[in-house]
Protein chains: 2
Amino acid sequence: MLSAGLPQGTVPKLERPGPLRERVYEALLELITIRALRPGQHLVESELAGHLGVSRQPVREALQRLNTEGWVDLRPAQGAFVHEPTEEEADQLLTVRTLLEAEAARLAAANAGTAGISALEELCAKGESAVADGDVDLVVATNAAFHAKVMELAGNVVLAELAGQVDRRVRWYYTPVARQRGIQSWIEHRELIAAIAARDEARATEVMRAHTEHTRKTYHEREAL
Amino acid sequence: MLSAGLPQGTVPKLERPGPLRERVYEALLELITIRALRPGQHLVESELAGHLGVSRQPVREALQRLNTEGWVDLRPAQGAFVHEPTEEEADQLLTVRTLLEAEAARLAAANAGTAGISALEELCAKGESAVADGDVDLVVATNAAFHAKVMELAGNVVLAELAGQVDRRVRWYYTPVARQRGIQSWIEHRELIAAIAARDEARATEVMRAHTEHTRKTYHEREAL
DNA sequence: GCTCGGTAAACTGTAGACAAAAGCCAATCC
DNA sequence: GGATTGGCTTTTGTCTACAGTTTACCGAGC
(Lines give C-alpha, C1' and ligand atoms only; values in the text may rest on other atoms or scores of the structure.)
Protein backbone atom coordinates (compact mmCIF):
# COMPACT_ATOMS: atom_id res chain seq x y z
CA MET A 1 0.00 0.00 0.00
CA LEU A 2 2.14 2.82 -1.24
CA SER A 3 -0.77 5.21 -1.57
CA ALA A 4 -1.42 5.05 2.16
CA GLY A 5 1.71 7.08 2.76
CA LEU A 6 0.81 9.83 0.32
CA PRO A 7 -0.95 12.94 1.47
CA GLN A 8 -4.37 13.00 -0.15
CA GLY A 9 -4.65 16.66 -0.99
CA THR A 10 -1.38 17.29 -2.79
CA VAL A 11 -2.13 15.09 -5.80
CA PRO A 12 -5.79 15.84 -6.39
CA LYS A 13 -6.33 14.15 -9.70
CA LEU A 14 -3.43 14.98 -11.98
CA GLU A 15 -5.52 17.52 -13.82
CA ARG A 16 -6.03 16.27 -17.31
CA PRO A 17 -7.69 18.12 -20.17
CA GLY A 18 -10.71 15.88 -20.11
CA PRO A 19 -12.85 14.96 -23.10
CA LEU A 20 -13.23 17.66 -25.68
CA ARG A 21 -17.00 17.32 -25.69
CA GLU A 22 -17.08 18.36 -22.06
CA ARG A 23 -15.19 21.53 -22.71
CA VAL A 24 -17.23 22.29 -25.81
CA TYR A 25 -20.39 21.67 -23.79
CA GLU A 26 -19.35 24.09 -21.09
CA ALA A 27 -18.20 26.67 -23.60
CA LEU A 28 -21.51 26.57 -25.44
CA LEU A 29 -23.48 26.64 -22.21
CA GLU A 30 -21.55 29.68 -21.14
CA LEU A 31 -22.18 31.37 -24.48
CA ILE A 32 -25.88 30.67 -24.17
CA THR A 33 -26.24 31.84 -20.59
CA ILE A 34 -24.43 35.11 -21.20
CA ARG A 35 -26.60 35.54 -24.28
CA ALA A 36 -23.76 35.62 -26.78
CA LEU A 37 -25.88 33.01 -28.52
CA ARG A 38 -29.40 34.39 -28.58
CA PRO A 39 -32.63 32.39 -28.25
CA GLY A 40 -33.86 31.17 -31.61
CA GLN A 41 -30.46 31.49 -33.20
CA HIS A 42 -29.44 28.78 -35.63
CA LEU A 43 -26.29 27.03 -34.46
CA VAL A 44 -24.28 25.76 -37.40
CA GLU A 45 -22.05 22.90 -36.44
CA SER A 46 -19.17 23.67 -38.74
CA GLU A 47 -19.23 27.29 -37.67
CA LEU A 48 -18.99 26.46 -34.00
CA ALA A 49 -16.37 23.83 -34.70
CA GLY A 50 -14.22 26.30 -36.57
CA HIS A 51 -14.69 28.95 -33.94
CA LEU A 52 -13.66 26.61 -31.14
CA GLY A 53 -10.84 25.03 -33.09
CA VAL A 54 -12.18 21.48 -32.99
CA SER A 55 -13.87 19.12 -35.38
CA ARG A 56 -17.62 18.81 -35.81
CA GLN A 57 -17.89 15.63 -33.81
CA PRO A 58 -17.34 17.03 -30.31
CA VAL A 59 -19.65 19.89 -31.20
CA ARG A 60 -22.35 17.45 -32.19
CA GLU A 61 -22.02 15.53 -28.95
CA ALA A 62 -22.18 18.72 -26.94
CA LEU A 63 -25.30 19.79 -28.82
CA GLN A 64 -26.85 16.40 -28.10
CA ARG A 65 -26.41 16.93 -24.42
CA LEU A 66 -27.62 20.51 -24.53
CA ASN A 67 -30.67 19.21 -26.31
CA THR A 68 -31.61 16.65 -23.68
CA GLU A 69 -31.15 19.29 -21.00
CA GLY A 70 -33.43 21.71 -22.78
CA TRP A 71 -30.97 24.40 -23.80
CA VAL A 72 -31.24 23.89 -27.54
CA ASP A 73 -33.89 22.38 -29.77
CA LEU A 74 -32.53 19.84 -32.22
CA ARG A 75 -34.77 19.79 -35.26
CA PRO A 76 -34.07 16.76 -37.44
CA ALA A 77 -32.27 17.45 -40.70
CA GLN A 78 -32.30 21.12 -39.85
CA GLY A 79 -29.91 21.61 -37.02
CA ALA A 80 -29.72 23.10 -33.56
CA PHE A 81 -31.50 26.22 -32.40
CA VAL A 82 -31.09 27.93 -29.07
CA HIS A 83 -34.23 27.25 -27.10
CA GLU A 84 -36.76 30.09 -26.93
CA PRO A 85 -38.39 30.18 -23.52
CA THR A 86 -42.04 31.11 -23.48
CA GLU A 87 -43.80 32.87 -20.65
CA GLU A 88 -45.70 29.72 -19.82
CA GLU A 89 -42.61 27.57 -19.75
CA ALA A 90 -40.74 30.01 -17.54
CA ASP A 91 -43.58 29.93 -15.09
CA GLN A 92 -43.77 26.15 -15.10
CA LEU A 93 -40.05 25.91 -14.61
CA LEU A 94 -40.25 28.16 -11.62
CA THR A 95 -43.04 26.05 -10.19
CA VAL A 96 -40.83 23.01 -10.44
CA ARG A 97 -37.92 24.85 -8.90
CA THR A 98 -40.05 25.91 -5.98
CA LEU A 99 -41.02 22.30 -5.47
CA LEU A 100 -37.49 20.95 -5.59
CA GLU A 101 -35.96 23.66 -3.45
CA ALA A 102 -38.67 23.40 -0.83
CA GLU A 103 -38.09 19.67 -0.53
CA ALA A 104 -34.36 20.27 -0.28
CA ALA A 105 -34.96 22.72 2.56
CA ARG A 106 -37.07 20.14 4.35
CA LEU A 107 -34.43 17.44 4.00
CA ALA A 108 -31.72 19.87 5.03
CA ALA A 109 -33.66 20.66 8.17
CA ALA A 110 -33.91 16.95 8.87
CA ASN A 111 -30.28 16.08 8.19
CA ALA A 112 -28.02 19.09 8.61
CA GLY A 113 -25.37 19.10 11.30
CA THR A 114 -23.76 22.04 13.02
CA ALA A 115 -20.94 22.15 10.47
CA GLY A 116 -23.39 22.54 7.64
CA ILE A 117 -25.33 25.25 9.39
CA SER A 118 -22.24 27.32 10.07
CA ALA A 119 -21.27 26.92 6.42
CA LEU A 120 -24.62 28.38 5.47
CA GLU A 121 -24.16 31.28 7.84
CA GLU A 122 -20.78 31.94 6.34
CA LEU A 123 -22.21 32.09 2.84
CA CYS A 124 -25.01 34.29 4.06
CA ALA A 125 -22.55 36.76 5.58
CA LYS A 126 -20.55 36.77 2.37
CA GLY A 127 -23.69 37.49 0.37
CA GLU A 128 -24.77 40.30 2.64
CA SER A 129 -21.41 42.02 2.45
CA ALA A 130 -21.47 41.62 -1.34
CA VAL A 131 -24.84 43.36 -1.38
CA ALA A 132 -23.41 46.13 0.77
CA ASP A 133 -20.49 46.52 -1.63
CA GLY A 134 -22.78 46.56 -4.64
CA ASP A 135 -20.84 43.70 -6.24
CA VAL A 136 -23.71 42.30 -8.27
CA ASP A 137 -21.84 39.40 -9.83
CA LEU A 138 -20.63 38.21 -6.46
CA VAL A 139 -24.14 38.48 -5.08
CA VAL A 140 -25.48 36.25 -7.83
CA ALA A 141 -22.66 33.74 -7.45
CA THR A 142 -23.01 33.58 -3.68
CA ASN A 143 -26.75 33.15 -4.00
CA ALA A 144 -26.18 30.15 -6.24
CA ALA A 145 -23.63 28.78 -3.80
CA PHE A 146 -26.04 29.16 -0.92
CA HIS A 147 -28.78 27.22 -2.65
CA ALA A 148 -26.28 24.60 -3.73
CA LYS A 149 -25.16 24.21 -0.13
CA VAL A 150 -28.72 23.71 1.06
CA MET A 151 -29.10 21.09 -1.63
CA GLU A 152 -25.90 19.39 -0.51
CA LEU A 153 -27.08 19.29 3.09
CA ALA A 154 -30.29 17.65 1.93
CA GLY A 155 -28.16 14.65 0.99
CA ASN A 156 -30.25 13.53 -1.94
CA VAL A 157 -28.04 13.19 -5.00
CA VAL A 158 -30.86 12.60 -7.45
CA LEU A 159 -32.72 15.63 -6.21
CA ALA A 160 -29.55 17.70 -6.40
CA GLU A 161 -28.93 16.73 -9.99
CA LEU A 162 -32.41 17.66 -11.11
CA ALA A 163 -32.41 20.86 -9.16
CA GLY A 164 -29.04 21.77 -10.59
CA GLN A 165 -30.36 21.63 -14.13
CA VAL A 166 -33.58 23.43 -13.30
CA ASP A 167 -31.80 26.12 -11.32
CA ARG A 168 -29.38 26.92 -14.09
CA ARG A 169 -32.20 27.34 -16.57
CA VAL A 170 -34.14 29.46 -14.12
CA ARG A 171 -31.13 31.65 -13.70
CA TRP A 172 -30.94 31.98 -17.48
CA TYR A 173 -34.55 33.10 -17.80
CA TYR A 174 -34.50 35.36 -14.78
CA THR A 175 -31.07 36.90 -14.93
CA PRO A 176 -32.36 40.48 -14.88
CA VAL A 177 -34.61 39.65 -11.94
CA ALA A 178 -31.84 38.16 -9.86
CA ARG A 179 -29.95 41.42 -10.09
CA GLN A 180 -32.89 43.33 -8.67
CA ARG A 181 -33.74 41.24 -5.66
CA GLY A 182 -30.89 42.55 -3.58
CA ILE A 183 -30.98 42.56 0.19
CA GLN A 184 -34.46 41.18 0.76
CA SER A 185 -33.34 37.82 -0.57
CA TRP A 186 -30.70 37.50 2.13
CA ILE A 187 -33.07 38.31 4.93
CA GLU A 188 -35.10 35.33 3.78
CA HIS A 189 -31.95 33.24 3.71
CA ARG A 190 -31.41 34.05 7.37
CA GLU A 191 -34.91 32.85 8.17
CA LEU A 192 -34.21 29.63 6.31
CA ILE A 193 -31.05 29.00 8.30
CA ALA A 194 -32.95 29.54 11.52
CA ALA A 195 -35.59 27.01 10.48
CA ILE A 196 -32.97 24.46 9.48
CA ALA A 197 -31.02 24.95 12.69
CA ALA A 198 -34.23 24.43 14.65
CA ARG A 199 -34.82 21.21 12.67
CA ASP A 200 -38.24 22.56 11.81
CA GLU A 201 -38.97 20.78 8.54
CA ALA A 202 -42.35 22.35 7.94
CA ARG A 203 -41.10 25.87 8.50
CA ALA A 204 -38.01 25.33 6.35
CA THR A 205 -40.25 24.13 3.54
CA GLU A 206 -42.51 27.11 3.86
CA VAL A 207 -39.72 29.67 4.04
CA MET A 208 -38.06 28.28 0.95
CA ARG A 209 -41.37 28.14 -0.88
CA ALA A 210 -42.07 31.77 -0.06
CA HIS A 211 -38.53 32.66 -1.05
CA THR A 212 -38.76 31.22 -4.57
CA GLU A 213 -42.28 32.52 -4.98
CA HIS A 214 -40.97 36.02 -4.36
CA THR A 215 -38.68 35.55 -7.33
CA ARG A 216 -41.67 34.77 -9.51
CA LYS A 217 -43.57 37.79 -8.25
CA THR A 218 -40.61 40.03 -8.95
CA TYR A 219 -40.51 38.58 -12.44
CA HIS A 220 -44.10 39.39 -13.19
CA GLU A 221 -43.72 42.89 -11.84
CA ARG A 222 -40.77 43.35 -14.14
CA GLU A 223 -43.06 42.72 -17.11
CA ALA A 224 -44.95 45.86 -16.21
CA LEU A 225 -41.86 47.96 -16.77
CA MET B 1 -54.04 25.48 -52.36
CA LEU B 2 -53.91 21.96 -53.65
CA SER B 3 -53.43 20.46 -50.23
CA ALA B 4 -56.82 21.75 -49.13
CA GLY B 5 -58.46 19.14 -51.32
CA LEU B 6 -56.56 16.24 -49.82
CA PRO B 7 -58.03 14.25 -46.98
CA GLN B 8 -55.97 14.93 -43.89
CA GLY B 9 -55.98 11.55 -42.28
CA THR B 10 -54.85 9.35 -45.13
CA VAL B 11 -51.37 10.86 -45.37
CA PRO B 12 -50.53 11.31 -41.70
CA LYS B 13 -46.86 12.11 -41.89
CA LEU B 14 -45.35 9.83 -44.50
CA GLU B 15 -43.76 7.83 -41.78
CA ARG B 16 -40.11 8.59 -42.07
CA PRO B 17 -37.32 6.58 -40.56
CA GLY B 18 -36.28 9.46 -38.38
CA PRO B 19 -32.73 10.04 -37.19
CA LEU B 20 -30.82 6.86 -36.60
CA ARG B 21 -29.65 8.05 -33.19
CA GLU B 22 -33.26 8.14 -32.02
CA ARG B 23 -33.90 4.58 -32.98
CA VAL B 24 -30.61 3.43 -31.54
CA TYR B 25 -31.43 5.29 -28.34
CA GLU B 26 -34.80 3.63 -28.01
CA ALA B 27 -33.39 0.25 -28.88
CA LEU B 28 -30.69 0.51 -26.23
CA LEU B 29 -33.12 1.85 -23.65
CA GLU B 30 -35.38 -1.09 -24.32
CA LEU B 31 -32.49 -3.52 -24.00
CA ILE B 32 -31.52 -1.95 -20.68
CA THR B 33 -35.01 -1.90 -19.20
CA ILE B 34 -35.72 -5.52 -20.08
CA ARG B 35 -32.31 -6.36 -18.61
CA ALA B 36 -30.87 -7.79 -21.79
CA LEU B 37 -28.03 -5.43 -20.96
CA ARG B 38 -27.25 -5.93 -17.29
CA PRO B 39 -26.16 -3.28 -14.81
CA GLY B 40 -22.40 -2.86 -14.77
CA GLN B 41 -21.99 -4.39 -18.19
CA HIS B 42 -19.42 -2.82 -20.48
CA LEU B 43 -21.02 -1.53 -23.65
CA VAL B 44 -18.57 -1.65 -26.52
CA GLU B 45 -19.48 0.80 -29.24
CA SER B 46 -18.35 -1.26 -32.21
CA GLU B 47 -20.14 -4.29 -30.83
CA LEU B 48 -23.45 -2.48 -30.48
CA ALA B 49 -22.95 -0.85 -33.86
CA GLY B 50 -22.41 -4.18 -35.55
CA HIS B 51 -25.32 -5.75 -33.75
CA LEU B 52 -27.68 -2.98 -34.78
CA GLY B 53 -26.34 -2.70 -38.30
CA VAL B 54 -25.20 0.91 -38.05
CA SER B 55 -21.94 2.74 -37.65
CA ARG B 56 -20.39 3.76 -34.35
CA GLN B 57 -21.45 7.37 -34.62
CA PRO B 58 -25.17 7.01 -33.98
CA VAL B 59 -24.34 4.61 -31.17
CA ARG B 60 -22.09 7.18 -29.58
CA GLU B 61 -24.76 9.85 -29.74
CA ALA B 62 -27.31 7.52 -28.23
CA LEU B 63 -24.90 6.65 -25.41
CA GLN B 64 -24.33 10.34 -24.79
CA ARG B 65 -28.01 10.86 -24.25
CA LEU B 66 -28.37 7.75 -22.11
CA ASN B 67 -25.51 9.11 -20.03
CA THR B 68 -27.10 12.48 -19.32
CA GLU B 69 -30.32 10.74 -18.39
CA GLY B 70 -28.56 8.46 -15.95
CA TRP B 71 -28.95 5.12 -17.68
CA VAL B 72 -25.28 4.54 -18.41
CA ASP B 73 -22.07 5.84 -16.89
CA LEU B 74 -19.59 7.15 -19.42
CA ARG B 75 -16.10 6.76 -18.02
CA PRO B 76 -13.54 8.75 -20.01
CA ALA B 77 -11.27 6.73 -22.28
CA GLN B 78 -12.91 3.59 -20.98
CA GLY B 79 -16.36 3.52 -22.42
CA ALA B 80 -19.95 3.13 -21.40
CA PHE B 81 -21.22 0.97 -18.57
CA VAL B 82 -24.83 0.28 -17.71
CA HIS B 83 -25.57 2.19 -14.55
CA GLU B 84 -25.64 0.17 -11.34
CA PRO B 85 -28.32 1.47 -9.03
CA THR B 86 -27.46 1.43 -5.35
CA GLU B 87 -29.95 1.03 -2.56
CA GLU B 88 -29.46 4.61 -1.54
CA GLU B 89 -29.97 5.96 -5.02
CA ALA B 90 -33.11 3.93 -5.54
CA ASP B 91 -34.53 5.35 -2.36
CA GLN B 92 -33.63 8.90 -3.30
CA LEU B 93 -35.13 8.44 -6.73
CA LEU B 94 -38.35 7.27 -5.20
CA THR B 95 -38.38 10.27 -2.91
CA VAL B 96 -38.15 12.55 -5.91
CA ARG B 97 -40.83 10.62 -7.73
CA THR B 98 -43.14 10.97 -4.77
CA LEU B 99 -42.54 14.69 -4.80
CA LEU B 100 -43.18 15.12 -8.52
CA GLU B 101 -46.20 12.87 -8.65
CA ALA B 102 -47.79 14.49 -5.63
CA GLU B 103 -47.41 17.91 -7.18
CA ALA B 104 -48.87 16.58 -10.42
CA ALA B 105 -51.86 15.27 -8.51
CA ARG B 106 -52.36 18.65 -6.88
CA LEU B 107 -52.22 20.47 -10.21
CA ALA B 108 -54.50 17.91 -11.79
CA ALA B 109 -57.03 18.51 -9.05
CA ALA B 110 -56.80 22.21 -9.75
CA ASN B 111 -57.05 22.01 -13.52
CA ALA B 112 -58.75 18.81 -14.65
CA GLY B 113 -62.04 18.98 -16.52
CA THR B 114 -64.76 16.39 -16.76
CA ALA B 115 -63.23 14.94 -19.92
CA GLY B 116 -59.96 14.30 -18.17
CA ILE B 117 -61.63 12.72 -15.17
CA SER B 118 -63.60 10.30 -17.29
CA ALA B 119 -60.41 9.41 -19.13
CA LEU B 120 -58.85 8.53 -15.78
CA GLU B 121 -61.84 6.40 -14.84
CA GLU B 122 -61.57 4.59 -18.13
CA LEU B 123 -57.92 3.78 -17.54
CA CYS B 124 -58.72 2.70 -14.02
CA ALA B 125 -61.39 0.30 -15.24
CA LYS B 126 -59.00 -1.09 -17.81
CA GLY B 127 -56.37 -1.63 -15.15
CA GLU B 128 -58.77 -3.36 -12.80
CA SER B 129 -59.94 -5.76 -15.46
CA ALA B 130 -56.33 -6.47 -16.36
CA VAL B 131 -55.68 -7.33 -12.73
CA ALA B 132 -58.69 -9.63 -12.76
CA ASP B 133 -57.42 -11.35 -15.90
CA GLY B 134 -53.96 -11.72 -14.45
CA ASP B 135 -52.42 -9.96 -17.45
CA VAL B 136 -49.38 -8.58 -15.64
CA ASP B 137 -47.85 -6.77 -18.58
CA LEU B 138 -51.08 -4.96 -19.31
CA VAL B 139 -51.38 -4.00 -15.65
CA VAL B 140 -47.94 -2.43 -15.68
CA ALA B 141 -48.59 -0.63 -18.97
CA THR B 142 -51.96 0.69 -17.82
CA ASN B 143 -50.46 1.84 -14.56
CA ALA B 144 -47.89 3.87 -16.47
CA ALA B 145 -50.61 5.26 -18.70
CA PHE B 146 -52.66 6.27 -15.68
CA HIS B 147 -49.83 8.20 -14.11
CA ALA B 148 -48.99 9.77 -17.45
CA LYS B 149 -52.58 10.92 -17.79
CA VAL B 150 -52.53 12.52 -14.36
CA MET B 151 -49.35 14.28 -15.38
CA GLU B 152 -50.97 15.46 -18.59
CA LEU B 153 -53.94 16.85 -16.70
CA ALA B 154 -51.56 18.77 -14.47
CA GLY B 155 -50.67 20.81 -17.55
CA ASN B 156 -47.07 21.49 -16.59
CA VAL B 157 -44.81 20.42 -19.43
CA VAL B 158 -41.57 20.89 -17.53
CA LEU B 159 -42.83 18.83 -14.64
CA ALA B 160 -44.04 16.16 -17.05
CA GLU B 161 -40.68 15.87 -18.72
CA LEU B 162 -38.82 15.47 -15.45
CA ALA B 163 -41.33 13.03 -14.08
CA GLY B 164 -41.19 11.02 -17.28
CA GLN B 165 -37.49 10.42 -16.87
CA VAL B 166 -37.71 9.70 -13.18
CA ASP B 167 -40.66 7.38 -13.59
CA ARG B 168 -38.98 5.29 -16.23
CA ARG B 169 -35.96 4.80 -14.05
CA VAL B 170 -38.12 3.97 -11.07
CA ARG B 171 -39.90 1.37 -13.13
CA TRP B 172 -36.52 -0.07 -14.07
CA TYR B 173 -35.40 -0.39 -10.46
CA TYR B 174 -38.70 -1.63 -9.13
CA THR B 175 -39.93 -3.88 -11.90
CA PRO B 176 -40.34 -6.88 -9.63
CA VAL B 177 -42.21 -4.76 -7.12
CA ALA B 178 -44.67 -3.41 -9.64
CA ARG B 179 -45.69 -6.93 -10.48
CA GLN B 180 -46.54 -7.63 -6.88
CA ARG B 181 -48.64 -4.64 -6.01
CA GLY B 182 -51.71 -5.89 -7.84
CA ILE B 183 -55.18 -4.77 -6.89
CA GLN B 184 -54.37 -2.53 -3.94
CA SER B 185 -52.75 -0.05 -6.28
CA TRP B 186 -55.96 0.44 -8.22
CA ILE B 187 -58.05 1.04 -5.14
CA GLU B 188 -55.73 3.92 -4.40
CA HIS B 189 -56.13 5.13 -7.96
CA ARG B 190 -59.86 5.31 -7.40
CA GLU B 191 -59.32 7.44 -4.31
CA LEU B 192 -57.10 9.73 -6.32
CA ILE B 193 -59.74 10.18 -9.00
CA ALA B 194 -62.30 11.04 -6.35
CA ALA B 195 -60.00 13.68 -4.88
CA ILE B 196 -59.29 15.19 -8.29
CA ALA B 197 -62.95 15.21 -9.23
CA ALA B 198 -63.72 17.00 -5.95
CA ARG B 199 -61.01 19.54 -6.80
CA ASP B 200 -59.50 18.80 -3.41
CA GLU B 201 -55.86 19.68 -3.99
CA ALA B 202 -54.64 18.81 -0.52
CA ARG B 203 -56.30 15.42 -0.54
CA ALA B 204 -55.08 14.61 -4.05
CA THR B 205 -51.54 15.43 -2.97
CA GLU B 206 -51.83 13.26 0.09
CA VAL B 207 -53.37 10.30 -1.70
CA MET B 208 -50.68 10.32 -4.36
CA ARG B 209 -47.99 10.67 -1.73
CA ALA B 210 -49.32 7.68 0.17
CA HIS B 211 -49.64 5.77 -3.07
CA THR B 212 -46.01 6.14 -4.08
CA GLU B 213 -44.86 5.61 -0.52
CA HIS B 214 -46.60 2.24 -0.57
CA THR B 215 -44.41 1.30 -3.49
CA ARG B 216 -41.33 2.05 -1.45
CA LYS B 217 -42.58 0.03 1.50
CA THR B 218 -43.30 -2.92 -0.75
CA TYR B 219 -39.78 -2.60 -2.08
CA HIS B 220 -38.18 -2.75 1.33
CA GLU B 221 -40.30 -5.70 2.33
CA ARG B 222 -39.12 -7.47 -0.79
CA GLU B 223 -35.58 -7.24 0.50
CA ALA B 224 -36.53 -9.45 3.38
CA LEU B 225 -37.39 -12.28 1.01
C1' DG C 1 6.77 -17.99 -6.08
C1' DC C 2 5.97 -13.28 -6.50
C1' DT C 3 6.67 -8.86 -8.44
C1' DC C 4 8.01 -5.77 -11.91
C1' DG C 5 8.59 -4.26 -16.65
C1' DG C 6 7.54 -4.44 -21.44
C1' DT C 7 4.82 -5.44 -25.21
C1' DA C 8 0.57 -6.03 -27.70
C1' DA C 9 -4.26 -5.79 -28.36
C1' DA C 10 -8.55 -3.41 -27.90
C1' DC C 11 -11.21 0.43 -27.35
C1' DT C 12 -12.19 5.14 -27.26
C1' DG C 13 -11.58 10.01 -28.95
C1' DT C 14 -11.12 12.83 -32.87
C1' DA C 15 -10.80 14.12 -37.57
C1' DG C 16 -11.97 14.15 -42.34
C1' DA C 17 -14.98 12.72 -46.34
C1' DC C 18 -19.15 11.58 -48.71
C1' DA C 19 -24.15 11.30 -49.55
C1' DA C 20 -28.84 12.91 -48.64
C1' DA C 21 -32.11 16.30 -47.32
C1' DA C 22 -33.80 21.00 -46.76
C1' DG C 23 -33.95 25.82 -47.99
C1' DC C 24 -33.34 29.47 -51.41
C1' DC C 25 -33.28 31.84 -55.60
C1' DA C 26 -34.01 32.50 -60.22
C1' DA C 27 -36.08 31.35 -64.54
C1' DT C 28 -40.33 29.93 -66.67
C1' DC C 29 -45.07 29.25 -67.62
C1' DC C 30 -49.93 30.37 -67.00
C1' DG D 1 -48.06 39.79 -62.50
C1' DG D 2 -48.09 35.77 -59.66
C1' DA D 3 -47.31 31.12 -58.79
C1' DT D 4 -44.52 27.13 -59.72
C1' DT D 5 -40.83 24.36 -60.85
C1' DG D 6 -36.15 23.48 -61.52
C1' DG D 7 -31.49 23.61 -60.09
C1' DC D 8 -28.02 25.29 -56.76
C1' DT D 9 -26.11 26.01 -52.19
C1' DT D 10 -25.85 25.04 -47.53
C1' DT D 11 -26.12 22.01 -43.74
C1' DT D 12 -26.95 17.87 -41.56
C1' DG D 13 -26.52 12.68 -41.08
C1' DT D 14 -23.58 8.91 -41.58
C1' DC D 15 -19.51 6.31 -42.51
C1' DT D 16 -14.49 5.27 -42.59
C1' DA D 17 -9.89 6.05 -41.04
C1' DC D 18 -6.28 7.27 -37.74
C1' DA D 19 -4.10 8.52 -33.35
C1' DG D 20 -3.93 8.30 -28.25
C1' DT D 21 -4.80 5.74 -24.05
C1' DT D 22 -5.89 2.22 -21.25
C1' DT D 23 -5.89 -2.58 -20.02
C1' DA D 24 -4.36 -7.17 -20.04
C1' DC D 25 -1.09 -10.58 -20.76
C1' DC D 26 3.40 -12.65 -20.75
C1' DG D 27 8.13 -13.14 -19.71
C1' DA D 28 12.25 -11.92 -16.98
C1' DG D 29 14.37 -10.99 -12.69
C1' DC D 30 14.66 -11.01 -7.59
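Protein chains get the first letters and strands the later ones, always in sequence-line order, with residue 1 at the start of each.
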Look at all strands and tell whether B/Leu43 reaches a base, only sugar-phosphate, or nothing, counting heavy atoms closer than 4.0 Å. sugar-phosphate
For nucleotides 13-17 of chain C, which of its nitrogen or oxygen atoms have a protein nitrogen or oxygen under 3.5 Å away, and what is each distance?
residue: C/dG13; atom: OP1; partner: A/Arg21; partner atom: NH2; Å: 3.0
residue: C/dG13; atom: OP1; partner: B/Ala77; partner atom: N; Å: 3.1
residue: C/dG13; atom: OP2; partner: A/Arg21; partner atom: NH2; Å: 3.4
residue: C/dG13; atom: OP2; partner: B/Arg60; partner atom: NH1; Å: 3.2
residue: C/dG13; atom: N7; partner: B/Arg56; partner atom: NH2; Å: 3.1
residue: C/dG13; atom: O6; partner: B/Arg56; partner atom: NH1; Å: 3.2
residue: C/dT14; atom: OP1; partner: A/Leu20; partner atom: N; Å: 2.7
residue: C/dA15; atom: OP2; partner: A/Ser55; partner atom: N; Å: 2.8

Taking only residues two or more places apart in sequence or in another chain, which ones pass salt bridge (charged side-chain N to carboxylate O under 4.0 Å, His left out) with B/Glu22? B/Arg65
With sequence neighbours excluded, what pairs up with A/Glu89 under the salt bridge (charged side-chain N to carboxylate O under 4.0 Å, His left out) test? A/Arg169
Pairs in or reaching into residues 89-114 of chain B: which pass ring-ring contact (aromatic ring centres under 6.0 Å, His included), with residues at least two apart or in two chains? none
Sequence neighbours excluded, the answer for side chain to side chain contact (heavy atoms under 4.5 Å, CB included) partners of B/Ala36 is B/Leu31, B/Ile34
Residue pairs fulfilling ring-ring contact (aromatic ring centres under 6.0 Å, His included) with at least one residue in residues 91-126 of chain B, sequence neighbours excluded: none
OP1, OP2 of D/dT12 versus side-chain N and O of A/His42: anything below 4.0 Å? yes
Could you list the residues that satisfy salt bridge (charged side-chain N to carboxylate O under 4.0 Å, His left out) with B/Glu103, not counting sequence neighbours? B/Arg106
Taking B/Gln41 for its side chain and B/Arg38 for its backbone only, find out whether a donor-acceptor pair lies under 3.5 Å. yes
Tell me, please, which residues at least two apart from B/Glu152 pass salt bridge (charged side-chain N to carboxylate O under 4.0 Å, His left out). B/Lys149
Heteroatom pairs (N/O) under 3.5 angstrom, protein to nucleotides 6-10 of chain C:
none

List for me each residue that meets side chain to side chain contact (heavy atoms under 4.5 Å, CB included) alongside B/Glu88, sequence neighbours excluded, and say none if there are none. B/Thr86, B/Gln92
Any ring-ring contact (aromatic ring centres under 6.0 Å, His included) involving residues 26-73 of chain A? Give me the pairs, sequence neighbours left out, ordered by first then second residue. A/His42-A/Phe81, A/Trp71-A/Trp172
Just how large is the angle between the end axes of the helix from C/dG1-D/dC30 to C/dC30-D/dG1, five pairs per end, to 10 degrees? 10°
